[in-house]
Every structure is written in structure tokens, then in C-alpha cells.
Amino acid sequence: MIVTLQHCIMGSHAGVWDLFDGISTLRSDDGGCSWSPLTRQPVFDRWQEENGDELAVSDFTPQWHRATGQLLGLGHTCRYRDGRLAPLPRHRHTVYSVFDTA
């Protein structure tokens, strides 16, 4: 079993809510009787574009893909500028990952 956790700052005024950061995981190989330590996944850390905007993965959802026997994750990007949501229009892009047991 894999559990994903993501730090998110939620606020009540424009530009301060939905500030997502990287993703960490917990893993159990015995049906949830014991769990690995919380492990940050650096591939999901925020990254910076040439214009200075920061991007983060948001709304990441893991899902078992039975046809391929793979754990896939889907989400989208959030765009930030100066520690806040970037001004509109904020382009979002779909992101995905394939779980690697190593």
C-alpha cells in the first residue's frame, strides 16, 4: 500500500490559498500492519521556470492501473509568483508519474 501526503497552505483571501508543496509517501508491504518512515519524493518538489514562476504538483491522486499492473499518479500544476498564486491566466498542465518500487 502507498499513501501520499502533500503540504498545502489554505487561506481565505485571494492569492494566498492553495499553496502546494512537494509530496511525501508512506509504504506498507504487510497490508498496513507496519509502515515505512514518511519519505519526501524529491521528483515532486517545486521547480522554477525561466520567468521566475514556481510550479508545484497539485491534486495528485494515485490509482492502480490493472491493465498494466502499475501504480500511476495524476495531477496538475499550480503556478506561483512571489509566494502567491500567479495572476490570471494561470496555465495548468497535467502531470503524471509511474511508481517505481526501487
Side-chain angles (χ1 to χ4, degrees):
M1 292 192 287
I2 302 290
V3 174
T4 60
L5 298 102
Q6 186 170 31
H7 184 255
C8 178
I9 297 172
M10 305 292 275
S12 60
H13 58 282
V16 178
W17 49 273
D18 278 359
L19 301 178
F20 288 91
D21 211 347
I23 294 173
S24 297
T25 57
L26 295 166
R27 179 178 175 161
S28 176
D29 293 321
D30 59 9
C33 292
S34 63
W35 291 91
S36 69
L38 185 63
T39 305
R40 188 159 182 96
Q41 301 298 325
V43 70
F44 293 112
D45 284 347
R46 285 188 185 190
W47 66 96
Q48 195 164 32
E49 291 195 321
E50 289 181 16
N51 68 356
D53 285 358
E54 279 191 307
L55 277 77
V57 174
S58 171
D59 298 333
F60 183 80
T61 305
Q63 180 72 39
W64 182 252
H65 190 253
R66 187 180 310 189
T68 61
Q70 301 266 355
L71 181 63
L72 306 179
L74 296 172
H76 65 87
T77 59
C78 283
R79 185 174 300 273
Y80 305 110
R81 189 172 300 152
D82 301 322
R84 299 173 160 258
L85 285 170
L88 294 172
R90 286 187 294 271
H91 301 288
R92 293 179 185 241
H93 301 283
T94 301
V95 295
Y96 70 93
S97 72
V98 179
F99 183 73
D100 180 352
T101 57

With sequence neighbours excluded, residues passing side chain to side chain donor-acceptor pair (under 3.5 Å) with [X]:
{"X": "Ser34", "answer": "Asp30"}
{"X": "Glu49", "answer": "Arg79"}
{"X": "Ser97", "answer": "none"}
{"X": "Asp21", "answer": "none"}

Partners meeting ring-ring contact (aromatic ring centres under 6.0 Å, His included) with Phe20 (sequence neighbours left out): none
Pairs meeting criterion ring-ring contact (aromatic ring centres under 6.0 Å, His included) with involvement of residues 33-63, two or more places apart: Phe44-Phe60
Sequence neighbours excluded - ring-ring contact (aromatic ring centres under 6.0 Å, His included) pairs with any residue from residues 81-102: none
Closest approach of Val95 to His76 (non-hydrogen atoms, all atoms of both residues): CG2-N, 3.6 Å
Where Ser28 and Gly31 come nearest, the two heavy atoms and their spacing: OG-N, 3.7 Å
Glu54 vs Leu19 side-chain heavy atoms within contact, under 4.5 Å: no
Joint hydrophobic cluster, Val43 plus Leu74, side-chain heavy atoms closer than 4.5 Å: no
CA sep, side-chain torsions, deciding dist, call: Arg81, Asp53, side-chain contact (heavy atoms from CB on, under 4.5 Å): CA-CA 5 Å; Arg81 189 172 300 152; Asp53 285 358; 2.6 Å; yes
Please report the interatomic distance [atom1]([X]) to [atom2]([Y]), rounded to the nearest 0.5 Å.
{"X": "Leu26", "Y": "Met1", "atom1": "CG", "atom2": "CE", "answer": "10.5 Å"}
{"X": "Thr39", "Y": "Ile23", "atom1": "OG1", "atom2": "CD1", "answer": "13.5 Å"}
{"X": "Asp29", "Y": "Ser36", "atom1": "CG", "atom2": "OG", "answer": "8.0 Å"}

Donor-acceptor under 3.5 Å (Ser58 side chain, Ala56 main chain): no
Side chain Gln41, main chain Thr4, donor-acceptor under 3.5 Å: no
Pairs satisfying side chain to side chain donor-acceptor pair (under 3.5 Å), at least one member in residues 64-74, at least two apart: His65-Thr68
Neighbour count above 12 (heavy atom, 6.0 Å) for Gln63 CD: no
More than 12 heavy atoms from other groups under 6.0 Å of CG on Asp82: no
Residues that Glu50 engages under salt bridge (Lys or Arg N to Asp or Glu O under 4.0 Å), provided they are two or more places apart: none
Any residue meeting salt bridge (Lys or Arg N to Asp or Glu O under 4.0 Å) with Asp45, in chain and number order, not counting sequence neighbours: Arg40
Members sharing Leu88's hydrophobic cluster (side chains within less than 4.5 Å): none
